[in-house]
> 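Encoded as structure tokens, here's the structure I'll be asking about.
Start at 1 and go down the list; that is how both ligands and their atoms are numbered.
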Amino acid sequence: MAFKPRDLSDSVTVRAAAKINLHLGVGAARPDGYHELTTVFQAVSLFDEVTVRPAGAVSVVTRGEGADQVPDDPAQNLAARAAVRVAPDSPVAIEIDKAIPVAGGMAGGSADAAAALLACSRLFDVGWGGEELVAAAADLGSDVPFALHGGTALGTGRGERLSPVLSRGEYHWVLAIAKTGLSTPTVFAELDRLRAKDGVDDESSPPPDELLRALASGDVERVASLLHNDLQPAALSLQPTLRRTLRAGADAGALAGVVSGSGPTCAFLCGDEESAVRVAAELAGGGVAKAVRTARGPVPGARVI
Ligand SMILES: C[C@@](CO)(OP(=O)(O)O)[C@H](O)COP(=O)(O)OP(=O)(O)OC[C@H]1O[C@@H](n2ccc(N)nc2=O)[C@H](O)[C@@H]1O
Ligand SMILES: Nc1ncnc2c1ncn2[C@@H]1O[C@H](COP(=O)(O)OP(=O)(O)O)[C@@H](O)[C@H]1O
């Protein structure tokens, strides 16, 4: 069924945030190829903006950070696939303004998909509630439900089953964005290879109970000491120079650093905003990353602006 926009001149813009995995426990590969995860997500203030307007055919134009690496083929672009999912017979022209690094482990494609879902559901008044949005999000990718949700959340299953997490206080981050990205399936496959080679069980690390307590009490230093990522050894194996980046962040005065998700972005938690600005300046001067950004979290999920 073709939907009519509320007004032919209508466009809707949605802003969606990047994420950092404060804890990423990876279990065994499942028969469907996905790994069982226990993860604590935090949405941080690095935003993509997605604008949709009615058009004769689906199209995608991307500007900003890493735009040349984003597919403009509607069959491949996650935002276009999301738009088609909402209104298959009502095509839209999509503009994406990217600040989230592409293939950076910060769920940029998922943010764009979540933004397009919300934007198209508003543009065409399709009558979807939260449940329909979340179901479509999970079909598009494991990280897409969190991109809708935002804030801080515990993810289980393949990462798509969310429960909210109580988090007090503000967290100040420095993000070191690498020159080349890492493909998520390649990093999971590298983890499987390393575990098989070392004869290590597929058991993920223990549940993040202490981290959840530290977040509830707003204890930034304790949170920093509990940052953990089972995918980090795989990301370091594929991009060994990330070790130097992690060391540089620690030397610059961050409380702790971790590879974000499947990497290669390294996220450094700092004691306060001033410290984050100092660490960012030092990392930028050290030449260990393509770009360095500061961000704070948690921030909300996808929102119409
Ligand atoms: C690793 C994480 C951590 O938050 O994020 P990124 O670092 O990519 O941002 C996510 O699990 C990524 O989620 P997302 O990027 O949505 O992945 P999907 O499209 O669902 O899956 C892409 C591929 O990654 C692998 N995959 C993903 C999720 C999962 N639980 N197990 C997996 O093995 C599978 O090979 C899958 O085919
Ligand atoms: N709208 C989009 N933005 C970014 N990447 C996209 C998009 N649509 C599809 N992709 C593809 O998804 C892959 C993963 O990108 P991204 O979500 O940025 O990284 P990650 O999974 O590491 O967080 C990229 O290599 C890119 O080719």
> Counting C-beta onward and ignoring hydrogens, is there a side-chain heavy-atom pair between Trp173 and Gln42 closer than 4.5 Å?
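In short, these two side chains touch, coming nearer than 4.5 Å.
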> Main chain of Arg296, side chain of Ser45: is a donor-acceptor contact present, judged purely on distance under 3.5 Å?
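Side chain of Ser45 to backbone of Arg296: a pair is present.
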> Using a 4.0 Å cut-off on heavy atoms, what residues surround ligand 2? Order them by chain and number.
Gln69, Val70, Pro71, Gln76, Asn77, Leu78, Ile96, Lys98, Pro101, Val102, Ala103, Gly104, Gly105, Met106, Ala107, Gly108, Gly109, Asp112, Thr184, Ser262
> Within the distance-only criterion (no hydrogens, no angle test), does the side chain of Asp112 pair as donor or acceptor with the backbone N or O of Ala79 below 3.5 angstrom?
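No.
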> Can you list, by chain and residue number, every protein residue with a non-hydrogen atom closer than 4.0 Å to ligand 1?
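Within the 4.0 Å shell of ligand 1, which is judged on heavy atoms, sit Lys19, Asn21, Gly33, Tyr34, His35, Leu37, Phe41, Gly105, Met106, Ala107, Ser110, Gly141, Ser142, Asp143, Arg158, Thr184, Pro185, Phe188, Leu231, Gly261, Ser262.
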> Using a 4.5 Å cut-off on heavy atoms from C-beta on, say whether the side chain of Arg293 contacts that of Pro101.
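No. Closest side-chain heavy atoms not under 4.5 Å.
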> Identify the two heavy atoms, one from Leu269 and one from Val220, that lie closest to each other, and give their separation to 0.1 Å.
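Leu269 and Val220 have their closest heavy atoms at CD2-O, 3.9 Å.
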> So does Ala99 get a backbone contact from the side chain of Asp48, meaning a donor-acceptor N/O pair under 3.5 Å?
yes
> Can you tell whether the side chains of Arg213 and Glu210 come within less than 4.0 Å, N to carboxylate O?
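No, this pair does not count.
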> Do side-chain atoms of Glu65 reach the backbone of Lys98 as a donor and acceptor pair under 3.5 angstrom?
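Not at all, since once roles are kept as given, no pair shorter than 3.5 Å links the two residues.
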> Are the side chains of Thr39 and Leu24 in contact, using a 4.5 Å heavy-atom criterion?
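With C-beta onward as the side chain, the pair touches.
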